[in-house]
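To keep things clear, I will list the structure first and then write my remarks on it.
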Amino acid sequence: MIPLFDSDSLPRSHERLEEGAVLLRLFATSEAPALVEEVARIAQEAPFRHLLTPGGYTMSVAMTNCGRLGWVSDRTGYRYDPVDPGTGAPWPAMPAAFLDIAVRAAAEAGFADYDPDACLINRYIVGAKLGLHQDRDEKDAWAPIVSVSLGLPAVFLWGGPARFVYHGVASLKDGQNPLTGTARINLTFRKVL
(Lines give C-alpha, C1' and ligand atoms only; values in the text may rest on other atoms or scores of the structure.)
Protein backbone atom coordinates (compact mmCIF):
# COMPACT_ATOMS: atom_id res chain seq x y z
CA MET A 1 0.00 0.00 0.00
CA ILE A 2 1.28 3.46 -0.86
CA PRO A 3 -0.71 6.24 0.78
CA LEU A 4 -0.13 9.63 -0.81
CA PHE A 5 -1.19 12.83 0.89
CA ASP A 6 -0.89 16.39 -0.31
CA SER A 7 -0.87 19.20 2.23
CA ASP A 8 0.39 22.68 1.51
CA SER A 9 1.48 23.08 5.13
CA LEU A 10 4.08 20.29 4.97
CA PRO A 11 7.31 20.05 2.94
CA ARG A 12 7.66 17.54 0.10
CA SER A 13 9.02 14.29 1.51
CA HIS A 14 9.42 10.57 0.98
CA GLU A 15 8.75 8.74 4.28
CA ARG A 16 8.79 4.99 4.80
CA LEU A 17 5.96 4.28 7.25
CA GLU A 18 6.73 0.58 7.51
CA GLU A 19 7.70 -2.26 5.18
CA GLY A 20 5.71 -1.78 1.97
CA ALA A 21 4.19 1.59 2.91
CA VAL A 22 5.54 4.92 1.71
CA LEU A 23 4.15 8.42 2.24
CA LEU A 24 4.99 10.83 -0.59
CA ARG A 25 4.00 14.30 0.59
CA LEU A 26 3.23 16.86 -2.13
CA PHE A 27 3.94 14.31 -4.88
CA ALA A 28 0.85 15.32 -6.91
CA THR A 29 0.86 19.06 -6.26
CA SER A 30 1.80 20.22 -9.76
CA GLU A 31 -0.66 17.78 -11.38
CA ALA A 32 -3.52 18.43 -8.95
CA PRO A 33 -5.51 20.88 -11.15
CA ALA A 34 -5.44 18.47 -14.10
CA LEU A 35 -6.40 15.54 -11.85
CA VAL A 36 -9.39 17.45 -10.43
CA GLU A 37 -10.50 18.38 -13.98
CA GLU A 38 -10.37 14.72 -14.96
CA VAL A 39 -12.45 13.78 -11.90
CA ALA A 40 -15.15 16.24 -13.04
CA ARG A 41 -15.09 14.78 -16.57
CA ILE A 42 -15.36 11.21 -15.24
CA ALA A 43 -18.26 12.18 -12.94
CA GLN A 44 -20.20 13.46 -15.97
CA GLU A 45 -20.09 9.95 -17.48
CA ALA A 46 -20.26 7.96 -14.23
CA PRO A 47 -21.83 10.19 -11.54
CA PHE A 48 -20.78 10.05 -7.91
CA ARG A 49 -23.16 8.02 -5.78
CA HIS A 50 -23.47 6.75 -2.21
CA LEU A 51 -23.26 2.96 -2.39
CA LEU A 52 -25.07 0.52 -0.13
CA THR A 53 -23.09 -1.89 2.02
CA PRO A 54 -24.06 -5.57 2.18
CA GLY A 55 -25.65 -4.74 5.54
CA GLY A 56 -27.95 -2.19 3.90
CA TYR A 57 -26.22 0.97 5.14
CA THR A 58 -25.58 3.91 2.83
CA MET A 59 -21.92 4.96 2.69
CA SER A 60 -21.29 8.61 3.61
CA VAL A 61 -18.47 8.99 1.07
CA ALA A 62 -19.61 9.44 -2.56
CA MET A 63 -17.86 7.18 -5.10
CA THR A 64 -17.28 6.64 -8.79
CA ASN A 65 -14.66 4.76 -10.82
CA CYS A 66 -12.62 4.75 -13.99
CA GLY A 67 -10.49 2.13 -15.68
CA ARG A 68 -11.09 -1.40 -16.91
CA LEU A 69 -12.91 -2.25 -13.67
CA GLY A 70 -14.78 -0.35 -10.98
CA TRP A 71 -15.34 -1.18 -7.32
CA VAL A 72 -19.01 -1.51 -6.39
CA SER A 73 -21.02 -2.44 -3.34
CA ASP A 74 -24.64 -3.36 -2.77
CA ARG A 75 -26.65 -5.79 -0.67
CA THR A 76 -25.05 -8.73 -2.55
CA GLY A 77 -21.51 -7.73 -1.53
CA TYR A 78 -18.33 -5.93 -2.55
CA ARG A 79 -16.77 -6.62 -5.94
CA TYR A 80 -15.10 -5.26 -9.05
CA ASP A 81 -17.20 -4.97 -12.19
CA PRO A 82 -16.39 -3.76 -15.73
CA VAL A 83 -19.83 -2.11 -15.96
CA ASP A 84 -21.18 0.85 -13.99
CA PRO A 85 -24.37 -0.50 -12.37
CA GLY A 86 -25.82 3.01 -12.31
CA THR A 87 -25.53 3.63 -16.07
CA GLY A 88 -25.16 0.13 -17.52
CA ALA A 89 -22.12 1.37 -19.50
CA PRO A 90 -18.45 0.46 -19.08
CA TRP A 91 -16.58 2.70 -16.64
CA PRO A 92 -14.85 5.69 -18.26
CA ALA A 93 -11.30 4.98 -19.41
CA MET A 94 -8.54 5.84 -16.98
CA PRO A 95 -7.09 9.21 -18.02
CA ALA A 96 -3.43 9.34 -19.02
CA ALA A 97 -2.78 11.84 -16.20
CA PHE A 98 -4.13 9.32 -13.65
CA LEU A 99 -2.06 6.46 -15.01
CA ASP A 100 1.06 8.62 -15.13
CA ILE A 101 0.82 9.72 -11.46
CA ALA A 102 0.04 6.18 -10.29
CA VAL A 103 2.95 4.61 -12.19
CA ARG A 104 5.43 7.30 -11.09
CA ALA A 105 4.33 7.08 -7.44
CA ALA A 106 4.59 3.30 -7.42
CA ALA A 107 8.08 3.49 -8.96
CA GLU A 108 9.15 6.13 -6.40
CA ALA A 109 8.05 3.73 -3.66
CA GLY A 110 9.95 0.79 -5.16
CA PHE A 111 7.22 -0.92 -7.20
CA ALA A 112 8.33 -0.91 -10.84
CA ASP A 113 6.08 -1.80 -13.79
CA TYR A 114 2.81 -0.93 -12.00
CA ASP A 115 -0.25 -1.32 -14.23
CA PRO A 116 -3.45 -0.43 -12.36
CA ASP A 117 -6.70 -1.52 -13.95
CA ALA A 118 -9.05 0.33 -11.58
CA CYS A 119 -9.24 3.76 -9.99
CA LEU A 120 -11.82 4.20 -7.26
CA ILE A 121 -12.61 7.91 -6.79
CA ASN A 122 -13.94 8.97 -3.38
CA ARG A 123 -15.43 12.40 -2.69
CA TYR A 124 -15.64 13.45 0.94
CA ILE A 125 -17.66 16.41 2.17
CA VAL A 126 -18.08 17.61 5.76
CA GLY A 127 -18.98 14.66 7.97
CA ALA A 128 -18.17 11.98 5.36
CA LYS A 129 -15.89 9.20 6.59
CA LEU A 130 -14.68 5.75 5.66
CA GLY A 131 -14.73 3.10 8.37
CA LEU A 132 -11.80 0.82 9.11
CA HIS A 133 -11.51 -1.85 6.45
CA GLN A 134 -9.00 -3.95 4.53
CA ASP A 135 -8.52 -3.94 0.75
CA ARG A 136 -8.95 -7.66 0.02
CA ASP A 137 -11.10 -7.73 -3.11
CA GLU A 138 -8.13 -7.67 -5.50
CA LYS A 139 -6.92 -10.97 -7.01
CA ASP A 140 -3.37 -9.57 -7.22
CA ALA A 141 -2.88 -9.28 -3.46
CA TRP A 142 0.73 -8.12 -3.65
CA ALA A 143 0.46 -5.27 -6.14
CA PRO A 144 0.54 -1.91 -4.38
CA ILE A 145 -2.45 0.31 -3.85
CA VAL A 146 -1.63 3.89 -4.76
CA SER A 147 -3.72 6.55 -3.05
CA VAL A 148 -3.65 10.21 -4.13
CA SER A 149 -5.51 12.70 -1.93
CA LEU A 150 -6.44 16.19 -3.11
CA GLY A 151 -8.18 19.05 -1.36
CA LEU A 152 -9.13 19.34 2.27
CA PRO A 153 -6.95 17.63 4.88
CA ALA A 154 -8.25 14.55 6.67
CA VAL A 155 -7.16 12.19 9.40
CA PHE A 156 -6.11 8.88 7.87
CA LEU A 157 -6.60 5.93 10.23
CA TRP A 158 -3.96 3.21 10.00
CA GLY A 159 -2.88 -0.03 11.68
CA GLY A 160 -1.53 -3.45 10.74
CA PRO A 161 0.75 -4.93 8.05
CA ALA A 162 1.14 -2.60 5.05
CA ARG A 163 -0.73 -4.37 2.21
CA PHE A 164 -3.60 -5.59 4.34
CA VAL A 165 -3.60 -2.75 6.84
CA TYR A 166 -6.88 -1.76 8.41
CA HIS A 167 -7.38 1.82 7.33
CA GLY A 168 -10.06 4.46 7.01
CA VAL A 169 -10.71 8.19 7.06
CA ALA A 170 -12.12 10.06 10.06
CA SER A 171 -15.07 12.42 9.54
CA LEU A 172 -14.04 15.29 7.31
CA LYS A 173 -13.95 18.66 9.01
CA ASP A 174 -15.36 21.86 7.51
CA GLY A 175 -12.93 23.85 5.41
CA GLN A 176 -12.21 25.46 2.07
CA ASN A 177 -9.61 24.44 -0.51
CA PRO A 178 -8.85 26.60 -3.55
CA LEU A 179 -8.88 23.56 -5.84
CA THR A 180 -11.69 21.37 -4.47
CA GLY A 181 -13.82 23.84 -2.49
CA THR A 182 -15.41 22.16 0.52
CA ALA A 183 -14.48 18.62 -0.60
CA ARG A 184 -11.62 16.15 -0.43
CA ILE A 185 -11.03 13.89 -3.43
CA ASN A 186 -9.15 10.61 -3.17
CA LEU A 187 -7.98 8.56 -6.14
CA THR A 188 -7.21 4.96 -5.24
CA PHE A 189 -5.42 2.97 -7.93
CA ARG A 190 -5.54 -0.82 -7.80
CA LYS A 191 -4.27 -3.78 -9.77
CA VAL A 192 -7.24 -6.10 -9.50
CA LEU A 193 -6.54 -8.96 -11.90
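Nothing fancy with the numbering, it's 1 onward along the sequence. Note that the structure is a prediction, hence the values are computed from the model and not measured.
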_Tell me the closest heavy-atom pair linking G168 and L132, and the distance in Å._
N-CD2, 3.9 Å
*Does L179 have any side-chain contact (heavy atoms from CB on, under 4.5 Å) partners at least two apart in sequence or in another chain, and if so, which?*
A32, P33, V36, N177
*Kindly say whether A43 contributes a backbone atom to a donor-acceptor pair with the side chain of T64 at under 3.5 angstrom?*
no
_For R49 and D84: C-alpha separation, side-chain torsions, deciding distance, then whether side chain to side chain contact (heavy atoms under 4.5 Å, CB included) applies._
CA-CA 11 Å; R49 74 283 314 250; D84 177 348; 2.7 Å; yes
*Check whether any side-chain heavy atom of W71 sits under 4.5 Å from a side-chain heavy atom of L51, and report yes or no.*
yes
*asked:* Could you see if V169 belongs to whatever hydrophobic cluster contains I125? Use Ile, Leu, Val, Met, Phe, Trp, Tyr and a side-chain cutoff under 4.5 Å.
replied: no
*Flag side-chain contact, heavy atom, 4.5 Å: F98 against I42*: yes
*For the residue pair S171 and G127, what are the closest heavy atoms and their distance?*
OG-O, 3.7 Å
*Quick one: salt bridge (charged side-chain N to carboxylate O under 4.0 Å, His left out) pairs with a partner in residues 123-133, sequence neighbours left out?*
none
*Got a salt bridge between R41 and E45, using NZ or NE/NH1/NH2 to carboxylate O under 4.0 Å?*
yes
*Identify the heavy atoms of G151 and T180 that sit nearest to each other, and give their distance.*
CA-OG1, 3.1 Å
_I need the minimum non-hydrogen distance between L172 and P153, along with the two atoms involved._
CD1-O, 3.3 Å
*Check which hydrophobic residues are tied to V72 through side-chain heavy-atom contacts below 4.5 Å, counting indirect links as well, and list them.*
W91
*Is V61 linked to F156 within one hydrophobic cluster, defined over Ile, Leu, Val, Met, Phe, Trp and Tyr using a side-chain heavy-atom separation of less than 4.5 Å?*
yes
*Which value, rounded to the nearest 0.5 Å, describes the distance between L99 atom CG and Y114 atom OH?*
9.5 Å
*Between CE of M63 and OG of S73, what distance do you get to the nearest 0.5 Å?*
8.0 Å
*Look at the side-chain heavy atoms of Ile, Leu, Val, Met, Phe, Trp and Tyr, link any pair under 4.5 Å apart, and say whether L120 and L193 land in one connected group.*
yes
*First locate atom CG of L187, then atom OG of S147, and finally report the distance between them rounded to the nearest 0.5 Å.*
8.0 Å
*When rounded to the nearest 0.5 angstrom, what is the spacing between NE2 in H167 and CD1 in I145?*
6.5 Å
*Under a 4.5 Å cut-off applied to non-hydrogen side-chain atoms, are R79 and D74 in contact?*
yes
*According to a 4.5 Å side-chain heavy-atom criterion applied to Ile, Leu, Val, Met, Phe, Trp and Tyr, with indirect links allowed, do V83 and Y80 form part of one hydrophobic cluster?*
no
*What closest approach, in Å, do T87 and P47 show between heavy atoms, and which atom pair accounts for it?*
CG2-CD, 4.2 Å
*Check whether any side-chain heavy atom of L130 sits under 4.5 Å from a side-chain heavy atom of Y124, and report yes or no.*
yes
*Residue from D113, D117, D135, D137 passing salt bridge (Lys or Arg N to Asp or Glu O under 4.0 Å) with K191*: D117
*Is any side-chain heavy atom of R25 closer than 4.5 Å to a side-chain heavy atom of L23?*
yes
*Any side-chain heavy-atom pair of P95 and L35 under 4.5 Å*: no
*Apply the test side chain to side chain contact (heavy atoms under 4.5 Å, CB included) to residues K173 and L152: give CA-CA distance (whole Å), side-chain angles for both, the deciding distance (0.1 Å), then the verdict.*
CA-CA 8 Å; K173 305 293 184 205; L152 292 178; over 6 Å; no
*Can F27 and V148 be said to form a side chain to side chain contact (heavy atoms under 4.5 Å, CB included), step by step?*
CA-CA 9 Å; F27 190 83; V148 178; over 6 Å; no
*Are L69 and Y78 connected in a single hydrophobic cluster, I mean Ile/Leu/Val/Met/Phe/Trp/Tyr linked by side-chain heavy atoms less than 4.5 Å apart?*
yes
*Of the non-hydrogen atoms in P92 and N65, which two are nearest, and what is the gap between them?*
CD-O, 3.6 Å
_Any side-chain heavy-atom pair of Q176 and T182 under 4.5 Å_ = yes
